[in-house]
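Throughout, residue positions are numbered sequentially from 1 according to the sequence presented.
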Amino acid sequence: MEANVSDELVTASDATLVDAITHADPLILRGLLYQLTGDETLTSMPVENVVFGYSRQDRLANADDVELVRAKTIAWLKDLRDSGARRVSIGPMDRLPRSLELIAGTSIPERELPMWIEETGLDPLARGLTWKTQPTPEQLESSFVVVIGAGISGINAAVHLKSAGIPFVVVEKNAGVGGTWFENRYPGIRVDSPSRGYLHLFGLEYPQPFAFCPGEENVRYMDWVVEKYDLADHLLFNTEVSSMTWDEQGKTWEVEALSPDGPRRWTSNAVISCVGFLSRPKIAHIEGIETFKGVVTHTAQWPSGLDLTGKRVGIVGSGASGYQTTPVIAKIAAHTSLFQRTPSWCYATPGYVDPLPDATVWVDLHVPFYVNFARFRMGRMYGPDLTLPSMMMDPDFDDPLARSAANKAMREGCIAFIEEKLGHRPDLMNKMVPIAPPMTSRPIRVDPEDNVYTALLRDDVSLISDPIERVTPDGIIVGGVEHPLDVIVLATGFRANDFLWPMEVRGRDGVQPEELWAKDGPRAYIGSMMPRFPNLFMAYGPNTNNFGGLQVIDLLELEIRFALQCIAGLVEHGRRSVEVTEDAYWQYNHELDEVESHMIYKDPRVSNYYQNEHGRSCVNGPIDIRRMWNWLRDPAGPPQTEIDAGLEPWFGGDLVIS
């Protein structure tokens with residue numbers, strides 16, 4: 001395996017190389033350099049584990065080791081530059097497991113290695129489709145796929161469908177790609193996942209300019225994917241799917257949509273729903289809001305050109321969008337009022353809003369294989385061994401404020417941060433400490449110096465924590481007092497539990513998902529399939545908001561690969577439909593419920609979209625990503641030798657083909 005040596009590296013000065021490597025992660029450099037050189041002196045450096053936001057990360061413990069790694073890397077880059085070579089080898093692949101362990105700080109079990117090597121993106125299409133038997137052109141033409149949604153999952157499906165030669169169309173209700181990032185344009189919107197982990201494996205070369213990118217940068221990345229992989233001809237914008245109906249005789253889906261040119265209709269062999277659960281805003285009904293004389297907007301429906309300069313702005317809601325937008329709006333509004341029902345836990349993350357130094361971006365672009373090893377480092381940092389303990393209850397832990405030792409440590413860190421910012425204002429601090437433990441609601445990353453806490457200290461910002469009584473033409477009344485406003489911002493979240501809504505979906509014999517889900521809300525088999533809905537796959541389906549390790553995008557990539565392999569498997573087996581049995585559907589969901597019963601977000605002191613009206617989560621995916629990876633990896637291949645939780649997620653097992 002080789003990589004290009006860029007022109008920028010060939011012409012780089014010594015000073016450029018030194019500056020760049022000073023901005024690189026020494027732990028990544030250690031593993032990368034060992035892979036490239038086999039230098040054994042890199043293997044005996046101690047590592048320590050430290051807090052980073054609501055997670056933890058490893059780093060080299062000794063400053064001398066940091067300097068040694070940097071010096072060795074600079075020397076290697078100089079030699080490469082001076083050699084005139086335009087290609088560089090990654091070194092022996094049998095060395096790779098040891099190289100990754102030097103970044104991980106611990107050994108990697110052999111059975112996990114394929115997943116972790118995949119996570120490097122050294123094979124950028126590793127989560128795509130590899131045909132076991134090359135199909136004929138006629139077979140490909142009879143495998144037409146409709147993809148619904150052009151967000152992070154939809155463009156992922158498009159890249160791999162095109163690579164596999166399968167005909168498809170991506171139907172998107174908006175005017176461009178991006179999904180929730182296209183729609184949400186409120187001031188301060190920003191991803192809370194590290195941006196290196198918010199790229200597809202095939203997109204690691206994209207130069208992320210922030211550690212945590214603002215919303216418009218995520219859209220820019222997806223536009224880049226469309227251009228790089230020449231997807232434009234497959235995208236249909238401003239077109240919203242209204243219904244899908246299964247034709248049992250034809251073994252096809254009849255998909256209907258509305259476009260600016262009128263109704264559209266497709267007959268497809270399979271449908272992949274890439275409709276995200278954060279796609280339909282939840283509009284809070286507040287008495288009298290229709291009488292308000294000013295502007296009312298939801299954060300997911302931000303009007304173009306809305307100028308808040310000198311305005312009196314009321315923000316209703318204290319989740320991620322409310323806390324992100326408050327400090328930004330406060331800088332320009334005449335007065336900002338935050339109407340908060342329940343406070344959220346905030347996690348100080350250094351560099352959260354800052355652009356990356358140019359030298360850091362240079363490393364990503366021009367140090368061979370660096371982004372691949374950085375992706376692995378990010379994966380390990382958010383791997384199940386580090387993240388799950390902070391999200392699960394310890395039944396033997398007795399504390400009124402926390403659910404485990406790790407959860408208590410997390411709470412103490414959050415409290416210390418609140419005290420640092422608001423300790424001199426007990427009136428504010430008492431209102432900003434949640435009752436429920438951390439991780440019972442969406443964790444909110446904030447910049448240590450520019451955040452909702454610092455905004456609340458401004459003279460022109462008010463925190464109102466009593467219930468809203470009603471809206472008047474001129475403001476919001478709380479406790480009998482009217483707060484005069486020009487703009488009301490509804491930061492009230494999404495209809496997160498309404499999967500596939502508002503599409504009308506009818507499977508075999510006209511059955512609808514709502515009938516299957518009547519008992520206790522939306523469910524799916526390993527996040528993807530439902531009985532009596534053949535050839536229908538979901539990428540961001542029920543219980544795929546990944547809590548099981550790695551990033552959300554990793555699980556979505558696995559779900560897409562599963563769908564593509566099922567579609568290809570039908571071609572290879574000469575069959576036309578695949579669906580999960582009802583027994584297998586419930587077998588998986590019983591396992592999911594058992595795992596979820598130990599999750600901290602089940603704490604009864606909290607009420608949010610993490611739990612539906614039946615007391616379970618339709619959204620979160622609590623199962624260890626290593627198990628999900630194994631279940632999703634090859635449905636059309638040979639049966640696996642080891643059975644986990646009684647599941648057999650392959651053709652002839654849980655999946656029936658006809």
Side-chain angles (χ1 to χ4, degrees), residues 129 131-149 154 157-158 160-162 164-171 234 241-257 263-275 500 503-516 524-539 541 559-585 632 634-637 648-658:
L129 172 61
W131 290 97
K132 297 177 176 66
T133 303
Q134 189 60 37
T136 65
E138 293 76 20
Q139 287 175 313
L140 287 173
E141 285 302 315
S142 66
S143 302
F144 179 68
V145 177
V146 170
V147 178
I148 305 174
H160 292 303
L161 283 165
K162 183 174 182 180
I166 297 174
F168 69 97
V169 64
V170 180
V171 185
H234 296 275
V241 172
S242 55
S243 68
M244 298 183 286
T245 304
W246 175 252
D247 177 0
E248 179 64 22
Q249 182 175 358
K251 305 292 185 186
T252 56
W253 283 97
E254 298 299 317
V255 181
E256 297 183 349
R264 296 291 304 268
R265 185 183 182 98
W266 299 270
T267 298
S268 67
N269 302 87
V271 173
I272 304 177
S273 173
C274 296
V275 177
L500 299 177
M503 295 183 291
E504 180 181 347
V505 183
R506 293 187 178 274
R508 181 179 290 111
D509 300 322
V511 66
Q512 294 183 281
E514 292 81 2
E515 298 173 54
L516 183 64
Y525 174 78
I526 53 178
S528 180
M529 302 183 76
M530 300 178 291
R532 293 184 286 170
F533 293 86
N535 298 7
L536 172 60
F537 307 92
M538 293 178 281
E559 299 284 353
I560 291 292
R561 179 170 65 184
F562 174 83
L564 297 181
Q565 288 177 332
C566 284
I567 294 167
L570 293 177
V571 173
E572 293 165 340
H573 286 77
R575 303 298 181 91
R576 300 174 64 191
S577 72
V578 57
E579 68 176 297
V580 64
T581 68
E582 189 147 357
D583 286 346
Y585 170 86
L632 290 162
D634 194 9
E648 298 180 352
W650 51 78
F651 288 8
D654 295 345
L655 307 182
V656 177
I657 58 176
S658 61

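- In this structure, CD1 in Ile166 is found 5.5 Å from CG in Leu161, a value given to the nearest 0.5 Å.
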Let's go through Met503 and Ile148 carefully: what are the C-alpha distance in whole Å and the side-chain angles of both, what is the deciding distance for side-chain contact (heavy atoms from CB on, under 4.5 Å) to 0.1 Å, and is it a yes or a no? CA-CA 11 Å; Met503 295 183 291; Ile148 305 174; 3.9 Å; yes

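- A salt bridge does not link Arg508 to Asp247: none of the charged nitrogens lies less than 4.0 Å from a carboxylate oxygen.
- Glu141 places no side-chain N or O within donor-acceptor distance of the main-chain N or O of Glu138, the cut-off being under 3.5 Å.
- The backbone N or O of Val271 sits nowhere less than 3.5 Å from a side-chain atom of Ser268 that would complete a donor-acceptor pair.
- Between Pro135 and Val571, the shortest heavy-atom contact is CB-CG1, 4.0 Å.
- Residues Val505 and Leu536 are in side-chain contact: their nearest non-hydrogen atoms beyond the backbone lie under 4.5 Å apart.
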Step-by-step side-chain contact (heavy atoms from CB on, under 4.5 Å) determination, Phe537 to Val578: CA-CA 10 Å; Phe537 307 92; Val578 57; 4.0 Å; yes

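- Listed here is the closest heavy atom pair of Ala158 and Val170: CB-CG2, 4.0 Å.
- Using a 4.5 Å heavy-atom threshold, the side chains of Trp246 and Lys251 count as touching.
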For residues 650-658, please give each side-chain donor-acceptor pair under 3.5 Å, one per line with the distance, not counting sequence neighbours.
from   : atom 1 : to     : atom 2 : distance (Å)
Asp654 : OD2    : Tyr525 : OH     : 2.6
Asp654 : OD2    : Glu648 : N      : 2.7
Ser658 : OG     : Ser577 : OG     : 2.7

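- Between Phe533 and Val580 there is no side-chain heavy-atom pair separated by less than 4.5 Å.
- Nearest heavy-atom pair, Gly569 versus Ala636, reported as atom, atom and distance to 0.1 Å: CA-CB, 3.6 Å.
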Given the rule in the side-chain contact (heavy atoms from CB on, under 4.5 Å) test, do Asp634 and Lys132 qualify, once you have shown the distances and angles that lead to the verdict? CA-CA 11 Å; Asp634 194 9; Lys132 297 177 176 66; 3.1 Å; yes

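- Interatomic distance, NE2 of His160 versus CD1 of Ile560, reported as 8.5 Å (0.5 Å rounding).
- With hydrogens and angles disregarded, a donor-acceptor distance shorter than 3.5 Å links the side chain of Arg576 to the backbone of Gly250.
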Could you please spell out the steps behind the side-chain contact (heavy atoms from CB on, under 4.5 Å) verdict for Leu500 and Ser273? CA-CA 8 Å; Leu500 299 177; Ser273 173; 3.5 Å; yes

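- With sequence neighbours excluded, no residue forms a side-chain hydrogen bond (donor to acceptor under 3.5 Å, both in side chains) with Glu582.
- Side-chain contact, Thr267 with Glu254: a donor N or O sits under 3.5 Å from an acceptor N or O.
- The line from CZ of Arg532 to CZ of Arg506 is 12.5 Å long, rounded to the nearest 0.5 Å.
- A salt bridge is defined here as a Lys NZ or Arg NE, NH1 or NH2 lying under 4.0 Å from an Asp or Glu carboxylate O, and Glu559 with Arg561 fails to meet this definition.
- Side-chain contact between Val255 and Val241: present, with at least one pair of heavy atoms (C-beta onward) separated by less than 4.5 Å.
- Interatomic distance, OG of Ser528 versus CE of Met538, reported as 6.5 Å (0.5 Å rounding).
- Using modelled atom types, one side-chain atom of His234 and one backbone atom of Phe168 make a donor-acceptor pair closer than 3.5 Å.
- Considering only heavy atoms from C-beta on, Val146 comes within 4.5 Å of Phe144 through its side chain.
- Taking 4.5 Å as the limit, some side-chain heavy atom of Pro635 sits within range of a side-chain heavy atom of Cys566.
- The CZ atom of Phe562 sits 11.0 Å away from the CD1 atom of Ile272 when rounded to the nearest 0.5 Å.
- Side-chain contact between Gln512 and Glu504: present, with at least one pair of heavy atoms (C-beta onward) separated by less than 4.5 Å.
- For Trp253 (side chain) and Pro534 (main-chain N/O), a donor-acceptor pair under 3.5 Å exists by modelled atom type.
- Of the inter-residue distances, the one linking Asn535 atom CG with Glu579 atom CD reads 8.5 Å to the nearest 0.5 angstrom.
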